[in-house]
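Numbering of ligands and ligand atoms starts at 1, following listing order.
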Amino acid sequence: MPINVLSEEFASRIAAGEVIERPASVVKELVENSLDASSTRIDVDVLGGGATSIVVVDNGHGISSDELSLAFERFATSKIDESSDLISIDTLGFRGEALPSISSVARVEAVSRYSEMDAGARYVIDFGKPGKVESVGAPQGTRVQVSGLFTNVPARRKFLGSTAKELSRIQSMLSSLALVYPNVAFSLTADGRERLRTLGSGKLVDAISGIYGAEVASHMLELEPDESAAFTVDGLASTPSMNRSNRTYITIAVNGRWIQSRRLSYAIEQAYHGFIPERRFPIAVVRIRTPMDDVDANVHPAKAEVRFLREDLIFSLVQRSIRGLVSDTAPVHELGTGRTGGSSGLLLTSGDLQKTKIGLDGNSVSPVINRGAKRLSNPFVTSNLEPNAFLNESNPSLTPKEALPVLRVIGQTRETYILAEGPTGIYMIDQHAAHERITYERVKEKFVQRASESQPLLEPVTVELSPTVMVIAVTNIGVLNEIGWGIEQFGNESLIIRSVPSALATRVSGDGAGQVLVQILDDLTDGGSGESWQDRMLATIACHSSVRAGQVLSTEECKDLIRQLENARHPNTCPHGRPTIVQIAFGDLEREFKRK
Ligand code: ADP
Ligand code: MG
């Protein structure tokens with residue numbers, strides 16, 4: 001074939017492929033235009049998962065009739081001009097590509113009335129073929145209807161999912177936008193049924209209530225930004241008890257723009273590490289503010305991702321602020337809640353309890369005092385305790401840290417659990433999980449202070465490794481040795497272990513230590529690295545350094561373990577997020593025995 005210059009029409013159909021992948025992309029572009037037009041209400045109505053028709057109606061400033069057809073030209077935009085700095089764009093759109101792209105693969109009807117005009121205008125562009133602009137009566141704002149999407153690009157249409165699938169993509173995308181713009185009232189109707197509605201009150205918690213329901217909204221903790229800082233993080237993040245089986249409930253915005261970022265989403269998940277079980281995810285709306293010239297929005301065709309000048313800084317800022325909030329409110333587990341589906345089975349925090357007064361299975365539960373109450377000015381956490389009482393850690397009558405009261409040990413059962421009595425109920429402690437928590441904190445503290453202790457093995461052991469694991473071991477030998485291992489490379493396929501982290505030395509033999517090392521390296525091979533991997537390594541060491549289930553403990557040993565647990569920073573969960581302790585409230589016992 002000779003070289004052809006493709007027609008404008010054909011070229012834009014190709015370009016449309018980048019911007020408009022499926023009905024949800026159309027909805028996203030139209031709604032972003034509505035947001036850029038300062039709308040306070042945006043109603044979306046779809047038929048057939050958006051493949052049949054999509055209508056977006058807004059009450060924004062509108063488009064004047066003499067510009068209506070221009071809006072559909074390629075690279076036509078009112079948002080930037082050639083003097084604009086492409087790095088600090090504060091509108092959602094800026095490329096002038098959405099409307100021409102959509103209209104090259106669908107029939108589009110736009111009706112708009114500009115705020116300063118009496119009459120509106122209507123313009124139809126049918127799969128790229130422009131019609132005439134005619135004058136019509138219309139309310140202020142813009143209504144765009146897109147029908148028959150991709151009927152001229154059968155290859156694209158074939159790739160669409162089922163109606164339900166495409167609808168769910170639209171719904172989850174619109175949910176995210178509604179969460180990022182709580183000041184805008186959103187609605188979504190699909191085939192005549194309302195799927196989503198927010199009030200536009202401006203309060204994030206109302207938006208969450210509209211999207212995820214009142215129950216979720218009442219389990220959110222507030223992130224308080226440091227207003228004086230150049231980089232800030234605010235928003236709401238769920239208590240650990242409120243979690244989900246996938247990460248789609250994490251919404252991230254940067255300078256008002258909803259973005260998708262695997263890294264930041266990971267930072268948020270990591271903040272919950274040890275507080276919610278593996279493979280469970282929090283619900284969060286995290287709004288990041290940075291100086292405008294720190295973010296490049298012009299890196300992704302659908303503007304779904306941005307590039308940060310200082311990504312590491314933002315990553316750790318997000319992780320730190322959520323981690324602080326979550327660890328301040330980690331709850332004691334209540335008996336019976338482990339069975340409930342949906343939530344992880346961890347109990348509500350004190351604030352939640354005081355608010356609802358009802359446990360997950362309908363029983364009333366006693367409030368648990370936690371350290372979080374003092375720091376948060378969270379609407380849901382109300383504490384009637386003197387904040388200063390918590391700060392005075394030498395006061396022996398109060399538990400200064402989290403919820404663990406002083407416990408009286410009753411004994412051990414099944415060589416696995418320690419029974420104890422506290423002021424409000426009976427506590428059962430998993431000896432292994434509790435010891436794991438204690439050891440983990442100790443090992444971690446030493447590691448952070450770069451004071452990890454090491455103990456030589458009587459006889460060095462060699463471990464053989466596959467070439468891939470070997471490469472990983474060698475690259476990480478520095479960190480491993482820093483945590484107390486004494487490891488050297490020995491030939492191409494093996495390592496010699498000369499010493500082990502002291503915590504391990506009391507529990508495992510030389511060969512056992514080799515196995516622990518292999519487990520840590522496997523973990524590292526599975527894609528982990530950085531801070532999270534270090535945490536998992538510490539957790540693995542803690543696990544192997546701790547008493548096991550099935551081990552008989554004397555009353556003294558039980559007491560000792562409980563005293564140490566009381567002093568742990570986060571006594572209620574093991575480093576993997578499982579509970580260390582469950583309680584039966586006396587109130588519940590009384591009910592069981594029909595005493596009240
Ligand atoms: P961009 O958003 O990148 O500017 P679009 O193709 O999405 O490009 O839109 C082109 C132009 O049409 C916008 O710059 C804006 O001036 C106008 N426009 C589109 N939709 C709306 C709307 N809902 N309300 C007001 N103006 C709109
Ligand atoms: Mg746009």
> Which residue owns the protein heavy atom closest to atom 25 (C) of ligand 1, what's the atom, and how far is it?
Replying inline: Ala37 CB, 3.5 Å
>> For ligand 1 and Asp58, I'd like to know whether there is a polar contact (N/O to N/O, distance under 3.5 Å).
In response: yes
> Is Ser112 reaching over with its side chain to a backbone N or O of Ile63, donor-acceptor style, under 3.5 angstrom?
Replying inline: yes
>> If the contact criterion is a heavy-atom separation under 4.0 Å, does Gly60 count as touching ligand 1?
In response: no
> Are His61 and ligand 1 in contact, using a heavy-atom cut-off of under 4.0 Å?
Replying inline: yes
>> Let's go through Ser265 and Glu269 carefully: what are the C-alpha distance in whole Å and the side-chain angles of both, what is the deciding distance for side-chain hydrogen bond (donor to acceptor under 3.5 Å, both in side chains) to 0.1 Å, and is it a yes or a no?
In response: CA-CA 6 Å; Ser265 169; Glu269 291 158 32; 3.2 Å; yes
> Val56 versus Ser34: any side-chain heavy-atom pair under 4.5 Å?
Replying inline: yes
> Do Gly96 and ligand 1 have an N or O pair less than 3.5 Å apart?
Replying inline: yes
> Any idea which protein heavy atom is nearest atom 10 (C) of ligand 1, and the distance to it?
Replying inline: Ala76 O, 3.4 Å
> So is Pro100 in contact with ligand 1, going by heavy-atom distances below 4.0 Å?
Replying inline: yes
> Can you say whether the rings of Tyr212 and Tyr249 are parallel (under 30°), tilted (30 to 60°) or perpendicular (over 60°)?
Replying inline: tilted
> Given that the side chain starts at C-beta and the backbone is N, CA, C, O, which of these parts of Thr77 lies under 4.0 Å from ligand 1, counting heavy atoms, or is it both or neither?
Replying inline: both
> Does a side chain donor of either Asp43 or Ser187 reach within less than 3.5 Å of an acceptor in the other side chain?
Replying inline: yes
>> Between Asp206 and Thr198, does the side-chain hydrogen bond (donor to acceptor under 3.5 Å, both in side chains) criterion hold? Intermediate values first, please.
In response: CA-CA 7 Å; Asp206 288 343; Thr198 61; over 6 Å; no
> What is the closest protein heavy atom to atom 20 (N) of ligand 1, and at what distance does it sit?
Replying inline: Asn33 CB, 3.2 Å
> Among protein heavy atoms, which lies nearest atom 26 (N) of ligand 1, and at what distance?
Replying inline: Ile63 CG1, 3.2 Å
>> Using a 3.5 Å cut-off on N or O atoms only, is Phe94 in polar contact with ligand 1?
In response: yes
> For atom 16 (O) of ligand 1, what is the nearest protein heavy atom, given as residue, atom name and distance?
Replying inline: Ser78 OG, 2.5 Å
> Would you say Asp36 and ligand 1 have an N/O pair spaced under 3.5 Å apart?
Replying inline: no
> Hey, what's the ring geometry for His61 with Tyr114, parallel, tilted or perpendicular (30° and 60° as the breaks)?
Replying inline: perpendicular
> Short N/O distance, under 3.5 Å, between Leu99 and ligand 1?
Replying inline: yes
>> Looking at the Mg ion (ligand 2), is there an N, O or S atom belonging to Thr77 that lies under 2.8 Å away from it?
In response: no
>> Between Asn59 and Thr40, is the side-chain hydrogen bond (donor to acceptor under 3.5 Å, both in side chains) condition met? List the steps.
In response: CA-CA 7 Å; Asn59 65 351; Thr40 56; 2.8 Å; yes
>> Using a 3.5 Å distance criterion without hydrogens, assess whether the side chain of Glu305 forms a donor-acceptor pair with backbone atoms of Gln260.
In response: no
> How far is atom 2 (O) of ligand 1 from its nearest protein heavy atom, and which residue and atom is that?
Replying inline: Lys79 NZ, 2.7 Å
